[in-house]
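Reviewing the structure listed below.
These values consider heavy atoms only, across backbone and side chains, with no hydrogens, waters or symmetry-generated copies. Every number for a ligand or one of its atoms is a count from 1 in the order of the listing.
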Amino acid sequence: MGEGSGEGNSDYTGLVVDLRRQMWTAGVEEELRRLIWQLAVTGKYISAKIHESNRKLAGFKNLYGEEQLSLDRSADEIIKNQLQFSGFVREYASEEQDAVVLLGKGREKYFVTADPLDGSSLVDTNLAIGTIIGIHKKSIFARGRDSMVAALYITYGPLITMVYSAGHGTHEFVLNREGEYVLSEENLMMDQRGSIYSPGGLRKDYTENHLKYLEYLEAEGHKLRYSGGFVPDINQILIKRGGVFTYPALKKSPHGKLRLLFELQPMAFIIEQAGGVATDGKEAILSLQVENLDQRCPIYIGSRFEVDKAKEFLAAES
Ligand code: F6P
Ligand code: MN
């Protein structure tokens, strides 16, 4: 795309390459294309809600004094409503819902998972936050490798960007002023090794092997990059082409903090498609069987060198 035009996001006629066109050119199947597009569109509505809520930062009061849904709940409603009328989503599972929500009549092809507003506690600090989506076929209670057909995330930062993969590489789009998602990078490919690390959890709760691993990265000169938002932290590793994000097993919580279905599987799908790796320290995230909605697991995700090193350190006798 964009070859010879001098612009990464336009073709030889000078037209911008938008999301629908890129997916069509990349050979994504029609229903999946429509579904990914509808989900990307929810980013516009969710960002409008974020702006509305941030009016408080600018000193605005809620004029009518009405009860407002929390931002996470509003984002969840927006996604659910959008999917309800799509015609090809059977079930919706969300971090904001206690149980799976039946949306279709039972014959629809897709199952969608969402972390509607990840990092929402960062809203009042004006740091970036995001939406994470997984798209599955047949069932969500499976190994990601067998059930996932696509994943995407949206970052609400100074710009709104959307990264998706439907199994044919990982691609980034930017929402422009006309409200179109315009291709910014196609087929993102990570390097074998990066230079940043993003470590969740407290040092005092780390296992000895994990601590040694972090000390190794520090001795190697890796720079600390941790915002407290999973989406921008993963996005930074992807866009900078390498490094590692980890939320490890902690002494008191051996399964770590992040959720397999809503957070880890979609990011693992996207990062693997960009040449990276995602494991729980032993096994690939996409090889783990999903047993329940709330399942958590440790994560090491990023470029191959750092993730393989983590495996080595964790396997060592302590
Ligand atoms: O959704 C959980 C989450 O907010 C992630 O976005 C983030 O990576 C992590 O938790 C931050 O956890 P902590 O506050 O323990 O660093
Ligand atoms: Mn989250």
Does the side chain of Gln22 come under 3.5 Å of the side chain of Tyr164 through a donor N or O and an acceptor N or O? yes
Asp118 near ligand 1, heavy-atom distance under 4.0 Å? yes
Which residue in the set Ile285, Val231, Leu258, Ile237 passes side-chain contact (heavy atoms from CB on, under 4.5 Å) when paired with Met267? Val231
Answer yes when Arg34 and Glu31 have at least one side-chain N-carboxylate O distance shorter than 4.0 Å, and no when they do not. no
Among all protein heavy atoms, pick the one closest to atom 7 (C) of ligand 1 and tell me residue, atom and distance. Gly228 O, 3.3 Å
Would you say Ile132 ends up clustered with Ile46 if hydrophobic residues are merged whenever their side chains have heavy atoms under 4.5 Å apart, either directly or through other cluster members? no
Are there more than 12 heavy atoms of other residues, nucleotides or ligands under 6.0 Å from atom OH of Tyr45? no
Before signing off on this row, confirm whether Asp115 and ligand 1 have an N or O atom pair separated by under 3.5 Å. no
Protein-side N, O or S atoms sitting under 2.8 Å from the Mn ion (ligand 2) are Asp115 OD2, Asp118 OD1, Glu263 OE2
Do you see a donor-acceptor pair shorter than 3.5 Å between the side chains of Thr42 and Gln82? no
Can a salt bridge be assigned to the pair Arg21 and Asp18 using a cut-off of 4.0 Å between side-chain N and carboxylate O? no
For Gly229, is at least one N or O under 3.5 Å away from an N or O on ligand 1? no
Judged by modelled atom types alone, do Glu218 and Tyr197 share a side-chain donor-acceptor pair under 3.5 Å? yes
Within a distance under 4.0 Å of any heavy atom of Lys257, pick out the atoms of ligand 1 and give their elements. 9 (C), 10 (O), 11 (C), 12 (O), 13 (P), 14 (O), 15 (O)
Among all the protein's non-hydrogen atoms, which is closest to atom 15 (O) of ligand 1, and how far away is it? Tyr247 OH, 2.5 Å
Please, which pairs that meet ring-ring contact (aromatic ring centres under 6.0 Å, His included) have at least one residue in residues 253-308, sequence neighbours excluded? His210-Tyr300, Tyr213-Tyr300
Pairs of nitrogen or oxygen atoms closer than 3.5 Å, one from Glu95 and one from ligand 1: do any exist? no
Side chains of Glu77 and Ser74 only: does a donor on one sit below 3.5 Å from an acceptor on the other? no
Answer with yes or no whether Val231 contacts ligand 1, where contact means a heavy atom under 4.0 Å from a ligand atom. no
Looking just at side-chain N and O atoms, do Asp76 and Tyr92 make a donor-acceptor pair shorter than 3.5 Å? yes
Closest protein heavy atom (residue, atom, distance) for atom 16 (O) of ligand 1: Tyr226 OH, 2.5 Å
Atoms in ligand 1 with a heavy atom of Phe230 nearer than 4.0 Å: 5 (C), 6 (O), 7 (C), 8 (O)
Counting from 1 in the order shown, the ligand 1 atoms closer than 4.0 Å to a non-hydrogen atom of Glu263 are 1 (O), 2 (C)
